[in-house]
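The chains referred to below are lettered A, B, ... by the order of the sequence lines, with proteins before strands, and numbering in each begins at 1. Nothing here was measured: the structure is a model prediction, and the numbers come from that model.
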Amino acid sequence: MPQRKGRILSGLRPTGKIHLGNLEGALRQWVSLQDEYECFYEVADWHALTTAWEDPSALEQDIRDAVTDWLSVGLDPDKSVIFVQSSVPEHSELHLLLSMIVPVSWLELNPTYKDWLQEGKAPHYGLLGYPVLQAADILIYRADTVPVGKDQLPHLEMTREIARRFNRLYGNVFPEPQALLSEFPYVPGMDGRKMSKSYHNHIQLADPPQTVQQKVSQFFTDPHKLRRTDPGRPEICPVFALHKIYNGTEAQGIGEDCRIGKLGCVACKERLAGKLNEALEPIRERRARWEQRPSEVDEILAVGAAKARQEAVKTMEQVRAAMKLWSPALERTPEA
RNA sequence: GGGGCGGUAGCUCAGUUUGGUAGAGCGCGGGACUCCAAAUCCCGUGGUCGGGGGUUCAAAUCCUCCUCGCCCCGCCA
């Protein structure tokens, strides 16, 4: 293995087939980091349970769909460790131990938690502890680098504080993970809000060309541009935002033509759909191949889990030693 | 363990007092209008009324048992 810059842990909750927002917000960067860093990419199925606990029955398929997409966009199991969080039970042990040193007051500031309360919903233990589990995810691999967007910085700061507190109390076990800050293009959905599965405004990588075309035609546009020849405002148009991502060479001209009323929205959308399908086609082809080999996907996850677990087990040995915990012969497993 | 409140459309809820054809808003689908989309207007889709049993000509509504959820109190660790 060549010398790498450091070790990365990143993950996504398995929400099924991934969409353009996931692709631009995380996966594209994951792919590009594979050669420079030692990468651990996690399917955070326990995190998904914080909202899907009532009916987890779809999780299994969602995990398969997500990983199939990950592989289709170029995550390479020979370069990166691709695994499912719950396949590495050591995460839960570290989470438990960390939960002892995390004041509840830190967690009550979490915006997600506060929103939950605001909506009058009954919060549960797991939701409150979400940031602790995130910290465990990162620290258990002794990752020193975490790729994040600006909005995710506070979450990483929590992990750093937890690591500092642990290291001060018990000894220096964890590197304090650094943010690998990067600018992600804003990916709007069909209604102009941020693309998200929960808004139902998303375009999936697995969508067939006709579906992509249809969804693009349903995109929100500048409401001032009522007629084809009316001047539009590309800066507020989600279709233009996507042109900038997927039609880099023509985007500027399209923006100008829109602004002077030379280009109508129908034509503009048709051109975008074409570019989008051009970009998605190779992904779709690879996806079709992976779909025919589900057992290979399972095998990749099994190998990934074994590699991940190897590191996690090592970390937990250090953690138990640092905390001077009772340490029986854990290797002795019950007779089958 | 005790008590209070609640479960009605995909979502938020009204309707229960006084039994009489199950509603509204939002969402969703279609249409009109628009180069699309949005907005607006029109039309439509919407339900084991948590479950069983009972009273009654008739029960979302009254009685009863059960179940689930939230809150408060008590007890134990």
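- Between Arg64(A) and Asp298(A), at least one side-chain N (NZ, or NE/NH1/NH2) sits under 4.0 Å from a carboxylate O, which counts as a salt bridge.
- Checked for salt-bridge contact, Asp69(A) and Lys17(A) miss the test: no charged N lies under 4.0 Å from a carboxylate O.
- A gap of 14 Å separates the C1' atoms of C26(B) and A14(B), to the nearest Å.
- Rounded to an integer number of Å, the gap from Leu226(A) CG to C35(B) P is 8 Å.
- Lys225(A) places its NZ atom 17 Å from the P atom of A38(B), with the value rounded to the nearest Å.
- Nucleotides U45(B) and G1(B) have their P atoms positioned 47 Å apart, rounded to a whole Å.
- Here, U8(B) and G51(B) have their P atoms 10 Å apart, quoted to the whole Å.
- The CG-C1' distance, from Leu263(A) to C36(B), rounds to 11 Å in whole Å.
- Taking atom P on both nucleotides, G74(B) is separated from U67(B) by 25 Å, rounded to a whole Å.
- Minimum atom distance to the side chain of Ala122(A) is reached by C70(B), of the listed C70(B), A38(B), C35(B).
- Taking atom C1' in both C63(B) and U56(B), one finds a spacing of 12 Å when rounded to whole Å.
- A salt bridge links Glu157(A) with Arg160(A): at least one charged nitrogen is closer than 4.0 Å to a carboxylate oxygen.
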Given side-chain contact (heavy atoms from CB on, under 4.5 Å), test Glu270(A) with Val216(A) step by step and report yes or no. CA-CA 8 Å; Glu270(A) 273 167 13; Val216(A) 168; over 6 Å; no
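- With a cut-off of 3.5 Å on both Watson-Crick or G-U wobble distances, the partner of C28(B) is given as G44(B).
- With a cut-off of 3.5 Å on both Watson-Crick or G-U wobble distances, the partner of U34(B) is given as none.
- Across all strands shown, A58(B) has no partner, as no Watson-Crick or G-U wobble contact with both distances under 3.5 Å is found.
- Evaluation of atom-type donor-acceptor distances gives a pair under 3.5 Å for the side chain of Thr221(A) against the base of C36(B).
- Look at C5(B): its Watson-Crick or wobble partner, with both distances under 3.5 angstrom, is G69(B).
- Atom NZ of Lys269(A) and atom P of U34(B) are 17 Å apart (whole Å).
- Rounded to a whole Å, the NE2 atom of His124(A) is 15 Å from the C1' atom of C70(B).
- The only member of Gln210(A), Lys269(A), Met190(A) that meets side-chain contact (heavy atoms from CB on, under 4.5 Å) when paired with Lys215(A) is Met190(A).
- Distance check on atom P: G46(B) versus G3(B) gives 43 Å, rounded to whole Å.
- Rounded to a whole angstrom, the distance from the C1' atom of G50(B) to that of G69(B) is 11 Å.
- Comparing the C1' positions of G30(B) and C70(B) gives a spacing of 40 Å, expressed to the nearest Å.
- Ion pairing of Arg7(A) with Glu311(A) is present here, as a side-chain N (NZ or NE/NH1/NH2) and a carboxylate O approach within less than 4.0 Å.
- One can place CG of Asp222(A) at 14 Å from P of A38(B), the figure rounded to the nearest angstrom.
- Protein atom CZ of Arg228(A) is 16 Å distant from nucleotide atom C1' of A37(B), rounded to whole Å.
- One interatomic measurement links the two molecules: CG of Asn201(A) to C1' of G27(B), which rounds to 15 Å at whole-angstrom precision.
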